[in-house]
Amino acid sequence: MTRGMFDWDDAEVAPAATFSEATEVVTEVPTAPVDPVDQSPPEDDPLAAPTYASSESDAESDDVDDHGDGGFSDQDGLVRVWLEDGRLVRNRISPIWFSKLARRDKLQNHFREALALALLDGAMQARDALDPEPPGPLAELAALPDEIRAAVDSLPPLSGELVAAIEEVADELGARTEVALAAQDASRSEPRTFVGRSQGASVTVDQWGNAIEVDFDERWLDRAHVGALVTHVQLAADRAHAEFVAHPEASEVDGLLEEQRMLSILLTALLNPDTDAGRADR
């Protein structure tokens with residue numbers, strides 16, 4: 001069944017008992033061309049949607065919302081997506097999505113909305129997970145492995161020469177960090193995207209590794225089964241995430257910041273030689 005040939009009155013009586021049955025109804029229309037590569041996935045396909053309402057009255061309100069399953073849907077309930085650290089790992093599409101589209105609306109708009117909601121929720125959870133009161137240098141020193149604390153404890157007593165040497169290291173480290181941060185900001189001023197494609201579906205991943213866009217070739221979309229849509233969206237997403245490469249500057253900056261943290265811990269140990277955290281067992 002194609003969207004172009006779909007009779008809007010049929011949406012009220014079209015059976016939508018199961019994911020596979022909905023796609024079979026599509027294939028039985030003799031005038032709709034069917035691409036042999038766009039076959040619906042088998043019933044045990046993990047990407048396939050679960051069983052839908054079996055009654056005709058339920059078919060009209062059928063959607064993909066299932067609160068509490070970890071997924072996010074668009075407002076109209078046409079699509080549902082599952083993300084893990086910004087990565088699209090699963091998607092679902094209503095078998096009667098074409099009957100719910102408003103005039104001039106597109107399926108990709110509903111994917112964009114669902115992805116945005118999922119990413120927003122992930123960002124809020126990450127913010128809430130941040131420790132509002134990070135541990136101080138003494139607590140960080142106490143948490144270091146015994147061998148590192150022992151090495152710090154073996155340093156000579158604090159002296160003018162040692163302080164001068166530490167200041168020299170700190171200045172050099174600060175200069176390297178500034179250069180790395182400037183290079184990182186310059187590279188990120190030009191956003192990069194990564195696109196994966198499968199059949200007529202494509203998925204875009206941003207420079208942070210987040211799935212942000214699902215697009216379709218409209219001619220392919222008109223004749224593709226719902227099962228094929230779900231399958232090829234996921235294949236396109238997997239390929240986009242495989243193409244994703246993090247900014248090389250990010251790892252360099254992270255390493256420099258870690259060096260600065262360790263230097264701060266070292267200074268704490270030297271300035272607090274008689275505390276439990278500032279010394280290993282002698």
Side-chain angles (χ1 to χ4, degrees), residues 1-26 40-41 43 45-84 86-125 200-204 210-216 218 220-237:
M1 177 180 301
T2 67
R3 290 192 296 120
M5 300 181 59
F6 182 74
D7 187 343
W8 294 99
D9 294 334
D10 291 344
E12 301 180 357
V13 297
T18 65
F19 188 71
S20 58
E21 289 175 359
T23 59
E24 289 174 1
V25 173
V26 176
S40 300
E43 293 184 358
D45 189 332
L47 294 176
T51 302
Y52 285 90
S54 57
S55 67
E56 294 179 0
S57 60
D58 290 339
E60 186 175 357
S61 62
D62 195 8
D63 57 31
V64 294
D65 249 336
D66 188 5
H67 297 292
D69 64 354
F72 291 84
S73 298
D74 62 299
Q75 184 177 4
D76 297 324
L78 272 64
V79 303
R80 193 163 182 83
V81 297
W82 287 259
L83 269 61
E84 292 181 2
R87 181 187 182 95
L88 179 61
V89 296
R90 183 184 173 199
N91 75 95
R92 195 194 304 172
I93 303 174
S94 170
I96 55 174
W97 64 268
F98 42 81
S99 69
K100 295 184 176 184
L101 280 182
R103 186 178 181 182
R104 297 183 180 178
D105 193 8
K106 294 184 177 182
L107 183 60
Q108 46 261 48
N109 296 333
H110 298 267
F111 265 104
R112 185 184 302 113
E113 179 184 345
L115 289 171
L117 291 174
L119 291 172
L120 177 61
D121 181 79
M124 294 177 63
Q125 290 189 24
S202 64
V203 174
T204 302
N210 300 317
I212 59 172
E213 191 87 23
V214 176
D215 204 354
F216 299 98
E218 290 297 323
W220 177 80
L221 186 62
D222 276 344
R223 55 187 172 83
H225 304 164
V226 175
L229 297 182
V230 170
T231 299
H232 289 295
V233 165
Q234 191 57 54
L235 287 173

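The first residue in the sequence is number 1, and the count goes up from there. Quick note: numbers below take in every heavy atom, side chains included, and nothing from hydrogens, waters or symmetry partners.
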Measure the [atom1]-[atom2] distance between [X] and [Y] for me, rounded to the nearest 0.5 Å.
X: Phe98; Y: Asp222; atom1: CZ; atom2: CG; result: 11.0 Å
X: Leu120; Y: Gln125; atom1: CG; atom2: CD; result: 10.5 Å
X: Ile212; Y: Leu115; atom1: CD1; atom2: CG; result: 9.0 Å
X: Leu101; Y: Ser94; atom1: CG; atom2: OG; result: 10.0 Å

Nearest heavy atoms of [X] and [Y], plus distance in Å:
X: Val89; Y: Gln234; result: C-OE1, 3.3 Å
X: Ala236; Y: Ser202; result: CB-CA, 4.0 Å
X: Leu83; Y: Ala118; result: CD2-CB, 4.0 Å
X: Leu117; Y: Ser73; result: CD1-O, 3.4 Å
X: Ala114; Y: Val79; result: CB-CG2, 4.0 Å
X: Ile96; Y: Ser99; result: O-OG, 2.7 Å

Using ring centroids (six-membered ring only for Trp), state whether His232 and Trp220 fall under 6.0 Å. yes

Start with the C-alpha gap between Asn91 and Phe111, add the side-chain angles, then the distance that decides, and say whether side chain to side chain contact (heavy atoms under 4.5 Å, CB included) holds. CA-CA 9 Å; Asn91 75 95; Phe111 265 104; 4.0 Å; yes

Show, in sequence, the C-alpha distance, side-chain angles and deciding distance for Ile93 and His110, and conclude whether the side chain to side chain contact (heavy atoms under 4.5 Å, CB included) test is met. CA-CA 10 Å; Ile93 303 174; His110 298 267; over 6 Å; no

Heavy-atom distance under 4.5 Å between the side chains of Phe216 and Val233, does that happen here?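 Heavy-atom side-chain distance check passes, below 4.5 Å.
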
Can you tell whether the side chains of Lys100 and Asp74 come within less than 4.0 Å, N to carboxylate O? no

For the residue pair Glu113 / Asn109, report whether a side-chain donor-acceptor contact shorter than 3.5 Å exists. no

Check the pair Asp76, Trp97 against side chain to side chain contact (heavy atoms under 4.5 Å, CB included), reporting the backbone distance first and the verdict last. CA-CA 9 Å; Asp76 297 324; Trp97 64 268; over 6 Å; no

Trace of the side chain to side chain contact (heavy atoms under 4.5 Å, CB included) decision for Lys106 with Leu221: CA-CA 10 Å; Lys106 294 184 177 182; Leu221 186 62; over 6 Å; no

So, the side chain of Asp69 versus the backbone of Gly71: is there a donor-acceptor pair under 3.5 Å, distance only? yes

Looking only at atom types and distance, does a side-chain atom of Gln108 sit under 3.5 Å from a main-chain N or O of Val214, one as donor and one as acceptor? no

Sequence-distant partners of Glu213, salt bridge (Lys or Arg N to Asp or Glu O under 4.0 Å), two or more places apart: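 Salt bridge (Lys or Arg N to Asp or Glu O under 4.0 Å) list for Glu213, sorted by chain: Arg112.
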
